[in-house]
Amino acid sequence: MADAAHFRGTGHWAARRWLRRTASVVAGAPLLAGLLAGTAAPAAHAAPSPGVVPAYAPQKASNQGVSVALNTFSPSAPVKGDTLTISGTVTNNGRSAISDGDVDLRVGPRLSGRSAIDDVASRSTSTLVQVAPLGGKYRVAVDHLAPKARQDFALSVPVSELGLDEDGVYQLGVSLSGETSQEPWDHVLGMQRTFLPWQPDAVDKKTKLSFMWPLVSKVHLSAQTGADEQQTPVFDNDDLAADLAPGGRLQQMVSLGSQLPVTWVIDPDLLATVDAMTHKYSIKKGNTTVPGKNQQLANQWLNSLEKAVQHHPVVALPFADPDLASLAHTGRSVSGSLSHLQPATQVAATTVQTILHVKPSTDFAWPVDGAVDPSIVDVATSAGADKVITRSDSLSDDLSYTPSAPRPIGGGTTAVDADSRLSEAFQGDLTTASASTLAVQRFLAQSLAVAQQDTGQERSIVVAPQRMPNAGQVQAMAAAMHGLDAERWSEPQNLTDAASATPDPDANTRIPRESHYPRALRKQELPTSAFQEIQDTQDLLVRFTDILSAPDRVVAPFANAQERSMSASWRGDAEDASAYRGSVKDYLTGLKGEVLLVPKSDLTLSGASATIPVTVQNKLLQDVQHLVLRLSSSKPTRLKLDGGKAVADEPIRVGGGHSQSVKFTGTGNANGPVEVSAQLFTEDGHPYSQKMTFQVRVSEITPTAMLVIASGVLLLAFAGVKMYSRRKRTAARRAAAEAARGDGPDDGTDGGSGHGPGTGPGGEQPSDPAVDTGPGNPAPSGSGEKVDR
């Protein structure tokens with residue numbers, strides 16, 4: 001009773017509960033003795049009889065919905081003299097209140113190897129570690145925990161009190177025991193388990209550990225640029241700013257990675273994109289763009305990264321991190337797809353050196369998740385890489401230990417086989433402190449288990465985590481690496497040295513067949529249609545840049561966009577990947593369409609020969625050249641071009657923002673309509689524009705017809721003169737006869753007027769034609785354009 005007072009007060013109820021728990025442990029001693037001999041395993045227990053307190057809590061926690069979260073675990077790998085501190089939260093998710101409870105620490109037996117760690121990690125967190133709690137003063141009381149309530153706890157225990165013996169990995173659990181109204185006896189209601197790596201003394205033989213620190217991002221930069229001299233880059237969105245901001249995943253990668261002995265593995269496209277943000281840039285917003293405002297953020301991140309990588313190994317992936325497996329499985333069937341790898345590798349080194357001022361290694365290829373087959377290896381090495389980062393769940397072994405990473409796989413190529421358990425330790429949702437703590441402890445446990453394998457040789461182990469870890473995963477990775485700071489069982493090694501280490505002669509060097517490639521990964525690959533669309537865009541780009549006076553302004557943005565279209569970052573995001581490819585092609589098509597033929601109306605060719613003008617407009621800001629304008633007559637027997645040809649070509653060059661009218665000579669041989677087509681071609685004969693058609697109405701008049709018409713006009717003129725002369729003579733004779741008789745008009749009118757009867761003014765007869773003094777017809781002779789001689 002006196003001892004009980006030291007645990008939690010001097011009350012009678014506290015002493016009674018202590019005695020009850022002590023009796024429970026004593027009664028369960030035979031069971032515990034057997035369980036301590038090996039890894040704990042669940043066993044069935046009968047329900048206690050009414051009114052009888054069970055000898056020990058049942059192995060499966062009562063279904064009360066109690067959760068235990070371990071938010072801190074420090075130190076993660078303790079040594080002699082340390083005090084282990086674990087803090088966390090217990091939450092009552094059930095419907096009944098918990099009373100008379102305790103949060104306890106339980107240390108299980110030492111686990112025998114990596115598989116044992118896997119077995120423990122795969123069990124439900126409610127399964128009990130079958131050992132007695134430390135109890136005594138190393139527990140936290142939970143007097144009452146109402147439904148949906150939670151309580152924080154902190155346990156501090158000297159490691160000397162944990163009962164640790166040999167070096168190795170121990171199972172450790174934090175449990176909540178107590179009573180409920182439905183089960184009024186002391187029993188385990190919930191538990192969280194983790195691992196305690198224990199190696200108190202330094203060892204001479206250490207595992208060399210290479211940790212890849214990936215700086216990879218999704219695609220953010222479009223192919224579009226501004227029309228200004230600086231070609232202001234246009235971003236699809238401003239999401240990258242959130243990753244670069246304090247607390248963002250890329251900011252965390254740089255801030256935490258700068259303190260760690262890691263190998264930086266960088267996609268140069270990320271550097272180029274952030275570098276573009278340091279200057280004037282725009283962001284798409286609907287059908288327009290708005291100015292970007294995160295230049296300072298981008299500058300700060302690049303400056304921090306430049307400092308972080310100095311005197312550290314840097315590996316540059318090919319530009320935009322192309323999806324090697326997609327290229328191997330679906331891209332190879334499309335001509336030209338593999339041609340993108342070589343320039344992507346060449347520009348990688350230049351980009352990293354220019355921005356970070358360090359010389360990177362460019363001889364590493366990294367297929368997604370390290371999964372390989374012969375075709376992937378062929379593609380990965382086609383651009384000059386001679387080291388392929390694989391993973392042990394792809395290039396598996398039948399060994400009882402973990403071999404070194406390097407594997408010679410033939411042809412001068414080395415597979416650098418990353419450990420799958422260590423590489424996958426930081427996947428999943430690690431946004432909570434508890435999840436992160438568990439991931440760190442599991443990583444350290446596996447790394448110690450590797451070091452304790454008795455292989456008789458020093459080994460190089462590689463860790464290749466996921467390409468784009470989020471901020472929580474980055475923090476867990478950093479915490480795990482700091483757990484190895486004391487270098488008790490491992491020491492850091494850069495990736496290049498790991499790749500050149502002595503291979504294990506017994507390690508597997510056979511690349512799995514293509515049929516063994518994981519189906520889940522294959523479903524995420526870019527389809528053949530994607531590579532065909534990329535190649536169609538490439539062909540369009542070649543035709544377009546052939547006519548430009550300054551092609552470099554277009555080649556670089558679109559070449560980079562083509563690389564981004566086949567990036568591994570599109571995995572699992574087929575819809576956005578398709579939209580990006582489509583936007584690149586549509587934008588290029590729009591630029592190409594800025595050089596066009598001005599629509600032309602029908603025209604009339606009134607003459608034996610005339611000029612036919614066709615106008616080419618250049619809306620681009622640079623000159624276009626090496627273009628040919630071709631005019632074709634559908635009926636050369638009726639309308640011939642340029643000296644009697646059915647087709648006429650004229651080379652053209654049009655200044656930026658200008659138009660040029662090209663005149664062709666047309667010769668008409670017969671009257672009637674003729675359809676004429678105009679089209680732009682490149683100098684090598686490839687069509688550049690769509691055909692533009694218009695109609696030419698030929699109104700041809702020959703010399704013979706002119707003679708006949710002229711003769712007819714003369715005959716009409718002679719006839720008119722003759723008729724006029726005859727009338728004048730008749731009128732003169734009539735006037736003379738009347739004057740000789742001296743008679744006046746017989747109609748009773750005044751004869752002094754000097755006019756004969758029935759005559760009009762001036763002596764004209766009523767039958768003479770009238771003179772047209774009205775305005776001429778203002779209507780055009782016909783629709784369309786009239787071309788005169």
Side-chain angles (χ1 to χ4, degrees), residues 3-9 14 17-18 21-22 24-26 28-29 32 35-36 39-40 56-57 61 66-90 101-111 117 120 125 128-143 151-178 186 188-201 433-434 436-438 440-442 444-445 448 479 482-483 485-486 488:
D3 291 336
H6 292 290
F7 301 154
R8 195 177 54 179
R17 193 180 65 169
W18 177 81
R21 290 168 57 86
T22 303
S24 174
V25 172
V26 172
L32 296 176
L35 290 171
L36 285 171
T39 302
Y56 193 73
V66 172
S67 61
V68 181
L70 310 183
N71 298 332
T72 64
F73 193 108
S74 178
S76 53
V79 296
K80 290 179 180 178
D82 282 342
T83 295
L84 178 64
T85 300
I86 301 175
S87 68
T89 305
V90 290
D102 282 308
V103 176
D104 284 303
L105 189 64
R106 302 165 186 258
V107 180
R110 187 170 67 92
L111 300 174
I117 296 173
V120 170
T125 56
L128 294 177
V129 177
Q130 297 301 315
V131 293
L134 291 182
K137 60 183 177 181
Y138 306 119
R139 68 176 188 261
V140 174
V142 179
D143 297 334
Q151 179 174 321
D152 296 334
F153 67 85
L155 298 170
S156 293
V157 184
V159 293
S160 59
E161 299 292 325
L162 298 178
L164 305 176
D165 189 7
E166 299 179 56
D167 297 0
V169 177
Y170 290 81
Q171 187 178 176
L172 183 146
V174 176
S175 63
L176 172 63
S177 302
D186 189 42
V188 175
L189 298 169
M191 177 176 289
Q192 181 60 268
R193 295 173 307 162
T194 186
F195 303 99
L196 178 65
W198 173 246
Q199 183 175 293
D201 301 316
S434 179
S436 179
T437 297
L438 297 179
V440 170
Q441 294 308 123
R442 185 176 181 182
L444 295 174
L448 177 56
H482 282 302
D485 280 348
R488 292 186 300 280

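Keep in mind that the numbers below use all heavy atoms, side chains included, and drop hydrogens, waters and symmetry copies.
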Chemist: Would you give the length of the straight line joining atom CD of Q192 to atom CG of L172, rounded to the nearest 0.5 angstrom?
Modeler: 10.5 Å

Chemist: Evaluate the side chain to side chain contact (heavy atoms under 4.5 Å, CB included) criterion for residues L196 and F73: first the C-alpha distance (whole Å), next the side-chain angles of each, then the deciding distance (0.1 Å), finally the verdict.
Modeler: CA-CA 9 Å; L196 178 65; F73 193 108; 3.8 Å; yes

Chemist: Just do the side chain to side chain contact (heavy atoms under 4.5 Å, CB included) check on V90 and L189 with the steps written out, would you?
Modeler: CA-CA 10 Å; V90 290; L189 298 169; over 6 Å; no

Chemist: Check whether T85 reaches the backbone of S156 with its side chain - one donor and one acceptor, N or O, closer than 3.5 Å.
Modeler: no

Chemist: Could you grab the distance from atom OH of Y138 to atom CG of L84, nearest 0.5 Å is fine?
Modeler: 12.0 Å

Chemist: So which heavy atom on A479 is nearest to which on V440, and how close?
Modeler: CB-CG2, 3.8 Å

Chemist: Verify, without hydrogens or angle tests, whether Q151 (side chain) and A141 (backbone) share a donor-acceptor contact under 3.5 angstrom.
Modeler: yes

Chemist: Is there a donor in the side chain of S434 and an acceptor in the side chain of N71, or the other way round, less than 3.5 Å apart?
Modeler: no

Chemist: Is there a side chain to side chain contact (heavy atoms under 4.5 Å, CB included) between D201 and K80 once you walk through the steps?
Modeler: CA-CA 8 Å; D201 301 316; K80 290 179 180 178; 3.9 Å; yes

Chemist: Where do L134 and L162 land on the side chain to side chain contact (heavy atoms under 4.5 Å, CB included) test, with the steps shown first?
Modeler: CA-CA 8 Å; L134 291 182; L162 298 178; 3.8 Å; yes

Chemist: Answer yes or no: is there a donor N or O on one side and an acceptor on the other, between the side chain of R139 and the main chain of P133, under 3.5 Å?
Modeler: no

Chemist: Sub-3.5 Å donor-acceptor pair from the side chain of T72 to the main-chain atoms of S87, do we have one?
Modeler: yes

Chemist: Determine yes or no for a side-chain-to-main-chain donor-acceptor pair under 3.5 angstrom, with S175 supplying the side chain and G190 the backbone.
Modeler: no

Chemist: If you round to the nearest 0.5 Å, how far is CG of L111 from CD of Q171?
Modeler: 6.0 Å

Chemist: Of all heavy-atom pairs between A77 and G483, which one has the smallest distance, and what is that distance?
Modeler: CB-O, 4.2 Å

Chemist: Is it true that a side-chain atom of Q441 and a backbone atom of F195 form a donor plus acceptor pair closer than 3.5 Å?
Modeler: yes

Chemist: Taking the side chain as C-beta and beyond, is there a heavy-atom pair between R106 and V188 under 4.5 Å?
Modeler: yes

Chemist: Restricting to non-hydrogen atoms, name the atom on P78 and the atom on P197 that form the minimum distance, rounded to 0.1 Å.
Modeler: CD-O, 3.8 Å

Chemist: So T194 and I86, do their side chains get closer than 4.5 Å, heavy atoms only?
Modeler: no

Chemist: Out of curiosity, E161 CD to T83 OG1, how far, rounded to the nearest 0.5 Å?
Modeler: 10.0 Å

Chemist: Can a donor-acceptor pair be found, under 3.5 Å and without considering hydrogens, that links the side chain of Q199 to the backbone of L448?
Modeler: no

Chemist: Measuring from L70:CG to F153:CZ, what's the distance to the nearest 0.5 Å?
Modeler: 5.5 Å

